[in-house]
2 protein chains.
Amino acid sequence: MDKNSAVAAGRQPKVVGARSLVEAAYATIRHDILDGTLAPGLKLRFEMLRERYGVGASTLREALTRLVGESLVTSEEQRGFRVAEVSLDDFADLTRARKLIEVEALRQSILHGDDAWEGVLVGAFHRLSKVEEKLATGAPELRDDFEERNRDFHYALIAACPSRWLKHMHGILFQQSERYRRLSLAAKDESRDVHAEHKAVLDAALARDVDLACRLEAEHIDKTLQLLSRRFAPKT
Amino acid sequence: MDKNSAVAAGRQPKVVGARSLVEAAYATIRHDILDGTLAPGLKLRFEMLRERYGVGASTLREALTRLVGESLVTSEEQRGFRVAEVSLDDFADLTRARKLIEVEALRQSILHGDDAWEGVLVGAFHRLSKVEEKLATGAPELRDDFEERNRDFHYALIAACPSRWLKHMHGILFQQSERYRRLSLAAKDESRDVHAEHKAVLDAALARDVDLACRLEAEHIDKTLQLLSRRFAPKT
DNA sequence: ATATCTAAAAATCTCGAAAATTCGTTGACA
DNA sequence: TGTCAACGAATTTTCGAGATTTTTAGATAT
């Protein structure tokens, strides 16, 4: 009754929790794209992918199709798959859309959240704080950890929003944002205190100050775009 | 250089414009789900699907994965695929989310739209009107036509919105709405003049009356939900 | 009756090779 | 020198069988 017994000996998925090779391949490729290991625009040839991820063509094809659905991969009929391109324009557009949706979800979440929600939220913030501390001392191997906990915190903020569809939309946009964050912020910005931003949003949410929390969250979302714009389009 | 020469003799895709069997299968299954031909909750067994759509398991799997990405199909690891369930609650949630996004997209579209946009919009409205007329005389075989032109009209309304992501989100939600509309409104409601609703939105958009257009569009989106709620949860 | 186990049946998942298409090079011709 | 067709190589797409897992049904025991 091993958790991965579903998969024959010699081809266990490398990803914990994966119950099939498709899911394992999907998770790994997804990680490598968010990571930048598979660079934007890269042609994804099946021979290369088979060698790298050790699964068959059909399995890869299914994993890639899933990533196309998340706009992390693009496909052109009979011409294969590519890692989705990135651009500052796209990130600006993405950020606006994400603000619209995440702020509305946060508003509803604060209005509906109960004590249990607060508990989970405080816990997520705590775990995020811990990894932020360690990351500040310069430990780049914690990058994955940070992103996971950052995601958990932001998800926890809107967890009490009763709209499944709003949360679904948010998930799509958040993942895209995560990609831009990871691709661009390998070098972190000294002028920014992310922890303080998170703390401010948390406090406003716990105080049930809807307008303040939403304003802070919107500013928080905007911040990465502003820093990136400054770096890649410096008018000075 | 036939348009479908990509596919071997004996297995041409049944769908015009499809350049691969995966795409043809995807389009056909998608249609059958929106249609209700494949009922909500139905278990999608590969043997049944292979017989019905005439393609191999891997091909089907890829088509279904694509539909999972659009939330028209659900999947559980090692337990196959099912047609996504429907519920009044889900439709209510969906409608609220769609209002948020479609109204914002419409607002931006009206602000950015130029003469070319107006032209396409007026054309789409005209084509929609024509099929509405014919449909009113009772011609149920025009259902597909109506849905296509209705979709074209709504897409044309927001076409000038500069945000790709907002339009992407809208597309997902609109498709879901289309499913509910088709599943429930086979019997059309006499008390509703859809044509008048569309005309009112069009006029407000052309008059660049942003607030009015958005209000009318929101009411238009709400209307189907209201009628459905009344029918399936009648308190009288 | 209910629960537990086991084997057979049914279904899903995966692979590798064949089929189909696109890409890239060569050579004929203007 | 430039264009284009033809041909071979590279790549994508598809299939169907076999491996793996889940489900069903029957038998046994509590």
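The chains referred to below are lettered A, B, ... by the order of the sequence lines, with proteins before strands, and numbering in each begins at 1. Remember, it's a predicted structure, so these values are computed and weren't measured experimentally.
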Q) B/H198 vs B/H154 aromatic rings, parallel, tilted or perpendicular, using cut-offs 30° and 60°? A) perpendicular

Q | For atom CZ of B/R19 and atom C1' of D/dT14, their distance in whole Å | A | 17 Å

(Q) Whether the side chain of A/D32 engages the backbone of A/L38 through a donor-acceptor N/O pair (distance < 3.5 Å, no angle test) should be reported. (A) no

Q. What is the distance, rounded to the nearest whole Å, between atom CZ of B/R50 and atom C1' of D/dT14?
A. 12 Å

Q. Rounding to a whole Å, what distance do you find between B/M48:CE and C/dT12:C1'?
A. 15 Å

Q. Going by the angle between their ring planes, with limits at 30° and 60°, are B/F174 and B/H170 parallel, tilted or perpendicular?
A. tilted

Q) If every non-hydrogen atom of B/A160 is compared with every non-hydrogen atom of B/S109, which pair is closest and at what distance? A) N-OG, 3.0 Å

Q. Which whole-number value in Å describes the distance from A/L21 CG to C/dT12 P?
A. 17 Å

Q) More than 12 non-hydrogen atoms from neighbouring residues, nucleotides or ligands closer than 6.0 Å to CD on B/E141, yes or no? A) yes

Pull out every protein N or O sitting under 3.5 Å from an N or O of nucleotides 6-12 of chain D, one pair per line with the distance.
{"residue": "D/dT11", "atom": "OP1", "partner": "A/R45", "partner atom": "NE", "Å": "3.2"}
{"residue": "D/dT12", "atom": "OP1", "partner": "A/K43", "partner atom": "NZ", "Å": "3.2"}
{"residue": "D/dT12", "atom": "OP2", "partner": "A/F46", "partner atom": "N", "Å": "3.2"}

Q) Has the side chain of A/S58 got a donor or acceptor atom sitting under 3.5 Å from an opposite partner on the base of D/dC15? A) yes

**Q.** Exam field: side chain B/K167 to backbone B/A159, donor-acceptor pair closer than 3.5 Å
**A.** yes

Q. Please give, in whole Å, the distance from D/dT20 P to A/E23 CD?
A. 19 Å

Q) Just how far, in rounded Å, is P of D/dG16 from CG of B/L49? A) 15 Å

Q) With respect to the phosphate group of C/dT12, does any side-chain polar atom (N or O) of A/S20 fall under 4.0 Å of OP1 or OP2? A) no

